[in-house]
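The structure appears right after this line, and notes come after that.
In what follows, every chain begins at residue 1, and chains take the letters A, B, ... in the order their sequences are listed.
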2 protein chains.
Amino acid sequence: MSSTWQREVMAEIGAGGRVSDGDIVRQVRRAVLMQRLPPGSRLPEVTLGEVFGVSRSVVRKALTRLASEHVVDQRPNQVARVRAPDVDETRETFSARNLVEGEVAALTAGRLEDRVLVQLEDRAEREREAFLANDEPTRIEHSLAFHHLLAEHSPNRVLGSMLTDLILRTSIVIALYKRQGLGSCYLEGDHPCLIKHLRSGDGEAARADIEQHLTSLQGLLDLGPRDSSIDLKSILSGGK
Amino acid sequence: MSSTWQREVMAEIGAGGRVSDGDIVRQVRRAVLMQRLPPGSRLPEVTLGEVFGVSRSVVRKALTRLASEHVVDQRPNQVARVRAPDVDETRETFSARNLVEGEVAALTAGRLEDRVLVQLEDRAEREREAFLANDEPTRIEHSLAFHHLLAEHSPNRVLGSMLTDLILRTSIVIALYKRQGLGSCYLEGDHPCLIKHLRSGDGEAARADIEQHLTSLQGLLDLGPRDSSIDLKSILSGGK
DNA sequence: TCCACTTCACGTGTATACAACTGTCGAGGT
DNA sequence: ACCTCGACAGTTGTATACACGTGAAGTGGA
């Protein structure tokens, strides 16, 4: 747990009133997403308690919830750690999200209120602006909000909440496996294109948009060299 | 919380050693599935603690986990209750499961070890026997195990664990909305048919099997009359 | 008769104390 | 130099005490 993060959290908390487990969940989730808490970071209960000014009871509840969201790993008698999905799980998460978000998009197409479509357009536009301004955190924020909006308005709320979970998980692995030197994972035009088909009511086109979007996104990731066979080889050859 | 259930739990626990939160989760889940704990049942922390011989700390953790599994409802400052999904959520759960289990079946087809196929056949056969013997609890047990086996061996483990969740949730609503007087929700031949296509490797046929199976299952449920409009009518007409 | 208010039992929210476990570092023997 | 074992510090597991919130029954008045 970096101390710079501690200070930021303190600042954010100090103003508000009391802290609940939900606040801790949000803060930690956000910190993981923003890579302030890199995968593998230790999250001892007492330390978190001190940072947030609450006792272990509250922290424990928050950690349990974070574990059920697949954000942290909680094993018996061991410190909770920020989860670090391997490349296989990353691929599986993407294809699961492809299935679910594709279906949600197809179901949603043509059934969205104008109000929501405008909100989507707003997010897409702001994301573009943030990208042009090189403000990556803000860009991510709007991109996430875009997809969350879709999940929230899914006619099938069960699929919607599954999608919410998958959006979080893919965001984490994107942060983890983003190619070095790549400033942003912005894909110009993808979101507006999806909006167009959602508005016109072409469900299958919307599903295809999602598939294309996620495939492109996965392409920006560095998932290649870390195959299990290669790993084994490099270990046996005596690296390090 | 019925007291008959308490006695059963006591019996099951007394023999074993210490109880962990996982044990409580399993027991409660099972009791809900078997309709020993009808929807809406109150689950006070102290009472559960007494039943299982542990303190509230352990019970709280178990309840939090059960809430994340959608088995119980946990609202601030109120007793946890066994969840009672409405008919809309029931339909949505079924169609979500249709999407996910269909995909898992398609992915799995032709890629299963012989060992697993034999296990599946075994479960299907035992389910049939239990049905013929009119032993509904055992039948449900094998039916659940059948689908869980599929979920466990999904090549995509993310989808697999999502399926595990959906199997549980559909089982709960089946117990809830099963047509009165219907002894069993057994569908002769569905499982063997699926196995055939899983073995032959015909993914699309397997997907269709799942869809057909779930549609039939949903047809055995009493989801019609309880529409919100009808409910309102029956209330206004003054029936007790 | 009905409504608003008070009171109280019940149950959860939070903090804290102590027991039990895990990994690590160092001493001692081989 | 290496391996083994034991003690210790750090952390989680569990139980318990007290504070606080909620809903229901009872009470008084219009």
Side-chain angles (χ1 to χ4, degrees), chain A residues 1-3 5-6 9-10 13-14 16-28 37-84 238, chain B residues 1-3 5-6 9-10 13-14 16-28 37-69 71-84:
Chain A
M1 263 175 56
S2 75
S3 64
W5 180 60
Q6 286 194 22
V9 168
M10 293 289 276
I13 299 295
R18 236 164 235 76
V19 227
S20 74
D21 58 321
D23 297 321
I24 302 181
V25 169
R26 266 186 298 278
Q27 291 279 347
V28 173
L37 284 176
S41 302
R42 291 162 49 92
L43 298 171
E45 298 176 355
V46 281
T47 314
L48 277 176
E50 284 162 8
V51 171
F52 288 97
V54 294
S55 82
R56 283 178 53 210
S57 325
V58 187
V59 175
R60 280 179 77 83
K61 187 161 187 179
L63 285 176
T64 304
R65 286 180 52 183
L66 285 165
S68 78
E69 285 183 16
H70 311 102
V71 175
V72 308
D73 246 356
Q74 221 183 0
R75 302 153 126 188
N77 290 316
Q78 263 168 263
V79 279
R81 287 170 178 279
V82 175
R83 234 171 88 82
Chain B
M1 261 175 56
S2 76
S3 63
W5 179 60
Q6 286 194 24
V9 168
M10 293 289 277
I13 300 297
R18 235 167 233 75
V19 223
S20 73
D21 58 321
D23 297 321
I24 302 181
V25 169
R26 267 186 298 278
Q27 293 279 349
V28 173
L37 283 176
S41 301
R42 292 162 48 91
L43 298 171
E45 298 175 356
V46 281
T47 315
L48 278 176
E50 283 161 10
V51 172
F52 287 97
V54 294
S55 82
R56 284 178 55 210
S57 324
V58 186
V59 174
R60 280 179 77 83
K61 187 162 186 178
L63 286 175
T64 303
R65 286 181 52 182
L66 285 165
S68 79
E69 286 184 14
V71 175
V72 308
D73 246 356
Q74 221 184 1
R75 301 154 133 189
N77 290 315
Q78 256 164 271
V79 267
R81 287 168 178 280
V82 175
R83 236 170 87 83

At their closest point, which heavy atom of A:Leu37 faces which heavy atom of A:Val82, and how far apart are they?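 What the structure gives for the nearest pair is O-CG1, 4.0 Å.
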Least distance between heavy atoms, B:Gln74 atom then B:Ala67 atom: OE1-CB, 3.7 Å
Both B:Val79 and A:Ser20 contact DNA chain C. Taking the nearest nucleotide for each, which residue is further toward the 5' end?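 By nearest-heavy-atom nucleotide position, the 5'-most residue is B:Val79.
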Residue met sooner reading DNA chain C from 5', once A:Arg56 and B:Arg56 are mapped to nucleotides: B:Arg56
How close or far is atom [atom2] of [N] from atom [atom1] of [X], stated in whole angstroms?
X: A:Ile24; N: C:dG13; atom1: CD1; atom2: C1'; answer: 13 Å
X: A:Arg81; N: D:dT12; atom1: CZ; atom2: P; answer: 11 Å
X: A:Asp23; N: C:dG13; atom1: CG; atom2: C1'; answer: 14 Å
X: A:Leu48; N: D:dT11; atom1: CG; atom2: P; answer: 11 Å
X: A:Glu45; N: C:dC21; atom1: CD; atom2: C1'; answer: 13 Å
X: A:Gln74; N: D:dG13; atom1: CD; atom2: P; answer: 7 Å
X: B:Asn77; N: C:dC10; atom1: CG; atom2: C1'; answer: 12 Å
X: B:Leu63; N: C:dG13; atom1: CG; atom2: P; answer: 10 Å

By nearest atom, which of the nucleotides [options] is closest to the [X] side chain?
X: A:Ser55; options: D:dT14, C:dG13, C:dT14; value: C:dT14
X: A:Val58; options: D:dG13, C:dT14, D:dG10; value: C:dT14
X: A:Gln78; options: C:dG23, C:dG13, C:dC21; value: C:dG23

Would you mind telling me which of A:Val51, A:Leu63, A:Val58 makes a side chain to side chain contact (heavy atoms under 4.5 Å, CB included) with A:Ile24?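 One option only clears the test, and that one is A:Val58.
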Answer whether the closest heavy-atom distance between the side chains of A:Glu45 and A:Leu48 falls below 4.5 Å.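 Contact flag for A:Glu45/A:Leu48 side chains = no.
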Counting only distance, no hydrogens or angles, is the base of C:dG13 paired donor-acceptor with the side chain of B:Arg60 under 3.5 Å? no
Under 4.0 Å between a side-chain N or O of A:Arg75 and OP1 or OP2 of C:dT22?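 No, A:Arg75 has no side-chain N/O under 4.0 Å of OP1/OP2 on C:dT22.
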Measure from the side-chain N and O atoms of B:Arg81 to the backbone N and O of B:Gly40, and report whether any donor-acceptor pair falls under 3.5 Å.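 Indeed, once roles are kept as given, a pair shorter than 3.5 Å links the two residues.
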